[in-house]
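Here the structure comes first, spelled out in structure tokens, and everything after it is commentary.
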2 protein chains.
Amino acid sequence: MTTFSQSYVTCFKTSSLTREGGDRWRRICGFKMINGASAAMMRSRTTMSAAPMVGVNGKVALERAIIPTKKQFVDPFRQGVIILDGVGYRQTVVVRSYEVGTDKTVTPQSILNLLQETALNHVWMSGLLGDGFGATHGMMKNNLIWVVSRMQVQLDQYPIWGEILEIDTWVGASGKNGMRRDWEIRSHTTGIVFARATSTWVMMNKKTRRLSKMPDEVRAEISPWFIKKEAIKEDSPEKIGKLDDNARYVNSGLQPKRSDLDMNCHVNNVKYVGWMLEVIPDECLENYQLSEIILEYRRECGSSDVVESLCEPEQVGIIKDGVQDDEQDLDLMHRCSIGAGFIQGAGLLNCLMNEGTIRYTHLLQVKEELKCQEIVRGKTTWRKRLNLYSFSG
Amino acid sequence: MTTFSQSYVTCFKTSSLTREGGDRWRRICGFKMINGASAAMMRSRTTMSAAPMVGVNGKVALERAIIPTKKQFVDPFRQGVIILDGVGYRQTVVVRSYEVGTDKTVTPQSILNLLQETALNHVWMSGLLGDGFGATHGMMKNNLIWVVSRMQVQLDQYPIWGEILEIDTWVGASGKNGMRRDWEIRSHTTGIVFARATSTWVMMNKKTRRLSKMPDEVRAEISPWFIKKEAIKEDSPEKIGKLDDNARYVNSGLQPKRSDLDMNCHVNNVKYVGWMLEVIPDECLENYQLSEIILEYRRECGSSDVVESLCEPEQVGIIKDGVQDDEQDLDLMHRCSIGAGFIQGAGLLNCLMNEGTIRYTHLLQVKEELKCQEIVRGKTTWRKRLNLYSFSG
């Protein structure tokens, strides 16, 4: 395996100019800093560089987005703050109207978008950001980009429209040459944890497209940010088997649209999840809610690739045929309550998950003339939809 | 014409409960209020109601999103503030990594998402919000929902990834029974206006699906918010002709996916724009950038409709066949500079737009057995892509 999806990475040319922003940038902004420092103070003691934006026609855009060249402790506009003794990042976000689905809960795709956004803002705050998509100055010097090899998201409870969230993210070592990035999404109001996520990243030479060791120069940049803290504990990650053409559900002829391409001109990660979820049968989508997704990236998907989404169910627990009637619901909830006292929110959900879940194995592949090229293997877990809100008040 | 798209409106059952939020909601938040009042002050003097959320299984979700029942002047989490002598709304937003396209500029779809978001947050702040998608208490009592009949967006310059924006929005009367909503999107750093938008809204009885007069009760709620201020001045809006099957570009068989449906279980507005733009030929998308879009809504699109996107070019100005070489670019820019001194940013773009643009007429329709049902008529204007950043520094 020599290539991965590079959904989160960029390979644009960049440049760096020292400058101070315009008058409006220097004016005292309307927000008090979270740690007590004012925005004006932060900016006056910090050298900023113009964002190394590649605009239309490949030239650099100046004077607009301003990427810090030194560590920032707070960003009033992103509503971000450095946490965890100076190495983690927390961002407060409000769930927007277009981030929710028909039931007014956040879509899995929006969750993945927010994970990407907070990860990049963490690097932004670190002062290490050398280009647009998360690579450090040292990585750029060595022609390296980040590629994600694994992503796992657990959704205990779905945030709803208008809800205020806190998203924490931090990084750690993964083996000798990799990086782990974790997230925790909580309700700002109650502190209840809605979701946890973890991911593994390695470096790739952007010319040879081969994986690379982490150069000492880069290790020196990023290792001071590493901590040992796991949002999801798992000693030996479950292996995802490879599906073949006998898979029960198949969607063929999936083609990326222009709007599916990100800053890398590659199909974004979130689109992969969309393709995986589209093949799930309606009776599952109507009665169940995604509670976990695991993605293993194998290779990147280009803009001209035609993708096939395969999916095979694996049912566990007490639910048969993807259908469960109301009487069963009540019985299940009764047993959960008896078993663990009065169980709220995530606790009840965990109980339900143990009692009845549906799991699917997924594969996204590109069919070429002689063989199939794997893009992503995946595993999704689904729990029965219930009206949980009346239990969480 | 009796029905419109109801992309922005909701028809969920709602309820309202007076409550104070949890301890964490009452704690003093980390942001100073824009107008000097603290969040704790705002909350202590305000009666809040639980958001009338309809969760899974049609039950109401409590205790999570909290919709104000009285006018708020500031929202630190949405980074919103009431402006324009108490009737307008301003929100500060940072362009997120997943809101930009391959050239790192915001996509038109993301612009429309932000317009929807700020409009809803304006109603949220007003204390009038009776349900999830913008209807007031009086409208709910009268079984009325908002439907949008026209939308026009002018994009002078595209915001880029990481850029800080200020989005202003306000409302005014439109005829006797309608409402106009306008927006202005500016750079927070420089104050330069990037985009302007205007829209027209009417009320529909959600049971009869017929347009309704504005009841006095509703007029009393919303008319104190009306001002005479136009983001885009136009005395007589241009009429958009109806295309037929002879249109040059046609995309057929467009089917909404589950993820295209919004809180109303209807295809979202932004999806319509996606379908309109997908039919535009590649040579235009590569060399030109959308500078204006006008949408006229005719009827809503259901989740089972199969849509056809038609498009007919109308070329004006000096550009022929959608191609213009570099020598022509320089000549055009030279003439712009001579004509108006040194023209920066939007000024230069306006000059270019006058000199060379491409326009398309659009139609989205649903083909039924005997006839076609129009969903949206549209008009898009495109200007040549140039490396403008080197001129705006």
Side-chain angles (χ1 to χ4, degrees), chain A residues 21-22 24-25 30-32 34 51 53-57 59-65 67 77-78 92 94 96-98 100-105 107 109 113 116-117 120 132 160-164 188-191 257-259 261-263 265 268 270 274 278 285 385-387 389-390 392-393, chain B residues 21-22 24-25 30-32 34 51 53-57 59-65 67 77-78 92 94 96-98 100-105 107 109 113 116-117 120 132 160-164 188-191 257-259 261-263 265 268 270 274 278 285 385-387 389-390 392-393:
Chain A
R24 291 195 60 167
W25 175 253
F31 298 91
K32 186 170 167 254
I34 295 168
M53 287 294 165
V54 176
V56 287
N57 297 341
K59 298 279 174 63
V60 176
L62 305 178
E63 305 251 338
R64 294 178 52 181
I67 299 178
F77 300 108
R78 286 168 186 75
T92 306
V94 179
R96 294 179 177 173
S97 55
Y98 55 86
V100 300
T102 54
D103 64 354
K104 294 192 185 178
T105 67
T107 62
Q109 286 94 325
N113 279 334
Q116 171 182 311
E117 178 66 11
L120 285 167
I160 62 176
W161 178 61
E163 198 156 32
I164 301 164
H188 174 82
T189 312
T190 65
K257 292 172 197 156
R258 192 171 287 264
S259 57
L261 306 183
D262 62 20
M263 293 188 227
C265 305
N268 189 274
V270 177
E278 270 166 40
L285 292 171
R385 282 181 188 271
L386 284 172
N387 174 23
Y389 301 127
S390 53
S392 64
Chain B
R24 293 196 59 170
W25 175 253
F31 299 91
K32 186 169 166 255
I34 294 169
M53 287 293 162
V54 175
V56 287
N57 296 341
K59 299 279 174 62
V60 176
L62 305 178
E63 304 253 339
R64 293 178 54 181
I67 298 178
F77 300 107
R78 285 167 185 76
T92 306
V94 179
R96 294 179 177 172
S97 55
Y98 55 86
V100 300
T102 54
D103 63 354
K104 294 191 184 177
T105 67
T107 62
Q109 286 95 324
N113 279 335
Q116 171 182 310
E117 178 66 11
L120 285 167
I160 62 176
W161 178 61
E163 199 156 33
I164 302 163
H188 174 82
T189 312
T190 65
K257 291 172 197 156
R258 192 170 286 265
S259 57
L261 305 182
D262 62 21
M263 294 188 227
C265 305
N268 189 274
V270 177
E278 270 165 41
L285 292 172
R385 282 182 190 270
L386 283 173
N387 174 22
Y389 301 130
S390 54
S392 63

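Only a predicted model underlies this, so the values are computations on that prediction, with no experimental measurement involved. Computed over heavy atoms, backbone and side chain alike; hydrogens, waters and symmetry mates excluded.
For B:Thr107, the side-chain hydrogen bond (donor to acceptor under 3.5 Å, both in side chains) partners at least two apart in sequence or on another chain are B:Ser110. Shown here are the salt bridge (charged side-chain N to carboxylate O under 4.0 Å, His left out) partners of A:Arg96, two or more places apart in sequence or in another chain: B:Glu99.
Taking every heavy atom of both residues into account, A:Gln109 and B:Ser259 meet most closely at NE2-CB, 4.3 Å. Shown here for A:Glu117 and B:Ser97, the closest heavy-atom pair between the two residues is OE1-N, 2.7 Å.
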Evaluate the criterion side chain to side chain contact (heavy atoms under 4.5 Å, CB included) for residue pair A:Tyr98 and B:Asp262; output intermediate values, then yes/no.
CA-CA 7 Å; A:Tyr98 55 86; B:Asp262 62 21; over 6 Å; no
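Of the atoms belonging to B:Arg78, heavy atoms from both backbone and side chain fall under 4.5 Å from chain A.
The pair B:Lys257-A:Glu278 meets the salt-bridge criterion, since a charged nitrogen lies less than 4.0 angstrom from a carboxylate oxygen.
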